[in-house]
Amino acid sequence: MAIISFKAKQPKKRDFIYKDGKYEVLVEAVEQGVNQNSGSPFYKFVLRGNFGENLTMYNLFIRDNTYGQEQLYKIIEAVGLDPNAENIDTDDIVGKYMGIEIKEGDPYQGKRQFNVHDIFALDEEEEEGSTDSDADDDWADAE
């Protein structure tokens, strides 16, 4: 067995600055946890996208409260599932794409914060940019 020698360098401290905007994201993982301080449950959604320079991951934490339930409902709709289905497994969500909007929020303990401001289905985003004008319809002149 060969011995590999290397010298490790201490990593530079980096700020993770996300760019405000709308993004297409892949739901890479969904984990369930419990807050150590309050004991309340939460979900962690690991999202992959292109959020800025060298930023490809965003962890979305959703608490089990009224606002969190609204976010969870929007996620389920956004990935194309029926939010009123009796049982939805995390495996049904992982590997699906959806849209999110990220905006900078208020600083927390002197650090910049970036929050998911909206969750939407990708086809909704395309519909917003589309026009229903007859001028754009190739069949408008058909008789």
Student check: side-chain heavy atoms of [X] and [Y] closer than 4.5 Å:
X      : Y      : value
Leu72  : Phe45  : yes
Tyr18  : Leu55  : yes
Leu47  : Asn59  : no
Met57  : Val46  : yes
Leu60  : Ile75  : yes
Pro107 : Arg112 : no
Met98  : Val27  : yes
Ile102 : His117 : no

Phe114 backbone acceptor or donor facing Tyr58 side chain under 3.5 Å: yes

Among all residues two or more places apart in sequence or in another chain, which pass the side-chain contact (heavy atoms from CB on, under 4.5 Å) test with Asn35?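 Per chain and number, Asn35 pairs via side-chain contact (heavy atoms from CB on, under 4.5 Å) with Asn37, Ser38, Ser40.
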
Can you sort out the partners of Tyr67 under side-chain contact (heavy atoms from CB on, under 4.5 Å), two or more places apart, ordered by chain and number? Asn65, Glu70, Gln71

Listing request: all salt bridge (charged side-chain N to carboxylate O under 4.0 Å, His left out) pairs with a residue in residues 78-87, at least two apart in sequence or in separate chains. none

When you look at Asn84 and Tyr73, which way does the side chain to side chain contact (heavy atoms under 4.5 Å, CB included) test go after all the steps? CA-CA 9 Å; Asn84 297 313; Tyr73 191 93; 3.9 Å; yes

Can you sort out the partners of Tyr43 under ring pair (Phe, Tyr, Trp, His ring centres under 6.0 Å), two or more places apart, ordered by chain and number?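 Partners of Tyr43 under the ring pair (Phe, Tyr, Trp, His ring centres under 6.0 Å) test: none.
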
Atom CZ in Phe51, atom NZ in Lys19: separation rounded to 0.5 Å? 12.5 Å

What distance separates Leu81 CG from Ile88 CD1, expressed to the nearest 0.5 Å? 5.5 Å

Specify the closest pair of heavy atoms between [X] and [Y], including all atoms of both residues, with the distance to one decimal.
X      : Y      : answer
Asn115 : Gly105 : ND2-CA, 3.5 Å
Ala78  : Ile119 : CB-CG2, 4.0 Å
Ile76  : Ile93  : CG1-CD1, 4.3 Å

Could you name each residue pair satisfying side-chain hydrogen bond (donor to acceptor under 3.5 Å, both in side chains) that touches residues 87-102, not counting sequence neighbours?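 Qualifying pairs, neighbours excluded: none.
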
Any ion pair linking Lys22 and Asp118 (charged N to carboxylate O, less than 4.0 Å)? no

Do [X] and [Y] belong together in a cluster built from hydrophobic side chains that touch within less than 4.5 Å?
X      : Y     : answer
Tyr23  : Val30 : yes
Val94  : Val25 : yes
Val116 : Ile17 : yes

Taking only residues two or more places apart in sequence or in another chain, which ones pass side chain to side chain donor-acceptor pair (under 3.5 Å) with Asp64?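 Side chain to side chain donor-acceptor pair (under 3.5 Å) check on Asp64 returns Gln69.
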
Around atom CG of Asp106, are there more than 12 heavy atoms from other residues, nucleotides or ligands closer than 6.0 Å?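 No.
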
